[in-house]
Amino acid sequence: MPLSPQELLYEGKAKRIYRTADPQVYLCQYKDNATAFNAQKRGSIAGKGEVNCTVSSHVLAYLAQQGIPNHFLAQTGPTEMQVRALHILPLEVVVRNRTAGSLCRRLGLEQGLPIEPPLVEFYYKNDALGDPLVTPDHIRLLQLATPEQVERLGSLALAINHHLQAFWRSCRLELVDFKLEFGLDERGEILLADEISPDTCRLWDLGGSEPRVLDKDLFRFDLGDPVAGYQEVLQRVLQAVGSQSPLSLWEKGQD
Ligand code: UDP
């Protein structure tokens with residue numbers, strides 16, 4: 001059922017979240033705005049909102065099919081999806097299959113080294129502190145989640161990594177690392193939330209002699225045309241999933 005946006009609950013760097021007439025359902029609108037390095041670099045990537053909304057819809061629908069509970073309900077427009085209203089935990093969970101980004105900067109590691117078994121890290125979502133890396137003991141100290149919840153987040157993150165690696169492989173892309181967010185439903189169950197897109201995943205095409213970056217690092221480090229990169233990811237996802245797209249279902253409903 002189409003639900004119109006009501007009160008704006010939250011406006012972040014890349015999305016707006018609205019309350020709807022149904023208290024169980026929020027509306028999430030994706031924007032073209034892009035930020036990096038804790039918003040020190042700001043810009044816009046034309047078409048990013050549509051790419052991230054559509055890619056996230058496919059990925060979250062796929063994860064639900066694989067038994068990963070998540071907040072996705074339906075894609076209701078090119079840049080709009082309905083999600084379940086959750087209480088979001090103030091943690092970012094990062095999984096790494098290869099060295100890149102802050103891991104290399106912090107530990108002096110070369111980029112692109114395989115990590116086996118994959119690494120799981122927790123970050124405290126706090127802009128003023130610059131989203132610091134935290135241990136399970138820090139999480140307990142700050143009462144951000146219980147030890148049982150931290151355990152569950154870690155095992156969910158690894159299971160999601162397993163399914164996402166297969167998904168991105170079907171798009172001929174390697175999943176280097178990614179960030180997840182989770183929320184609690186009214187029964188206290190942990191559900192995967194937020195988005196899974198080229199903004200939140202490092203995606204490399206390893207088909208050539210050099211890795212080809214197809215994610216937000218194009219924008220962060222001026223590595224190439226981010227508009228073209230994001231569109232290429234969308235095209236690869238649409239090709240991989242075939243015609244069963246949440247957006248095409250929405251478009252049919254508009255006829
Ligand atoms: N990431 C994200 N949002 C953040 C921080 C990181 O989506 O606020 C993603 C990032 O795109 C990458 C992964 O999490 O896929 C690991 O990021 P990293 O810790 O290496 O930080 P970065 O290099 O992005 O500063």
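Whatever order the structure lists ligands and atoms in, that order sets their numbers, starting from 1.
- Interface of Ser102 with ligand 1, defined as ligand atoms under 4.0 Å from a residue heavy atom, comprises 18 (P), 19 (O), 20 (O), 21 (O), 23 (O).
- Selection from Glu121, Lys216, Lys125, Glu92 by nearest heavy atom to atom 5 (C) of ligand 1 gives Glu92.
- Looking at Tyr230 and Asp199, their side chains do bring a donor and an acceptor atom within 3.5 Å of each other.
- Each salt bridge (Lys or Arg N to Asp or Glu O under 4.0 Å) pair with one or both residues in residues 140-163, not counting sequence neighbours, appears once here: Asp137-Arg140.
- Considering only heavy atoms from C-beta on, Val59 comes within 4.5 Å of Trp168 through its side chain.
- The Lys179 neighbourhood of ligand 1 comprises atoms 1 (N), 2 (C), 3 (N), 7 (O), 9 (C), 14 (O), with distances under 4.0 Å to a heavy atom of that residue.
- For Asn38 and Asp131, the side-chain atoms include no donor-acceptor pair closer than 3.5 Å.
- Atoms of ligand 1 found under 4.0 Å from any heavy atom of Arg105 (numbered from 1 in listed order, with element): 22 (P), 23 (O), 25 (O).
- Using a 4.0 Å cut-off to heavy atoms of Asp199, the atoms of ligand 1 that qualify are 7 (O), 11 (O).
- Atom 12 (C) of ligand 1 has Asp177 OD1, 3.1 Å as its closest protein atom, hydrogens excluded (heavy atom only).
- A salt bridge links Asp127 to Lys13: one of the charged nitrogens lies within less than 4.0 Å of a carboxylate oxygen.
- Close approach of ligand 1 to Cys201 is summarised as follows: ligand atoms under 4.0 Å from at least one heavy atom of the residue are 15 (O).
- When each atom of ligand 1 is checked for a heavy atom of Tyr123 under 4.0 Å away, the hits are 19 (O).
- With contacts defined as side-chain heavy-atom distances shorter than 4.5 Å, the pair Leu63/Leu164 qualifies.
- When each atom of ligand 1 is checked for a heavy atom of Gly101 under 4.0 Å away, the hits are 20 (O), 23 (O).
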Using salt bridge (charged side-chain N to carboxylate O under 4.0 Å, His left out), reason through Arg236 and Asp205 one step at a time and then give a plain yes or no. CA-CA 11 Å; Arg236 287 181 184 221; Asp205 183 334; 2.7 Å; yes
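- Nearest to atom 23 (O) of ligand 1 by heavy atom, out of Arg220, Arg106, Arg202, is Arg202.
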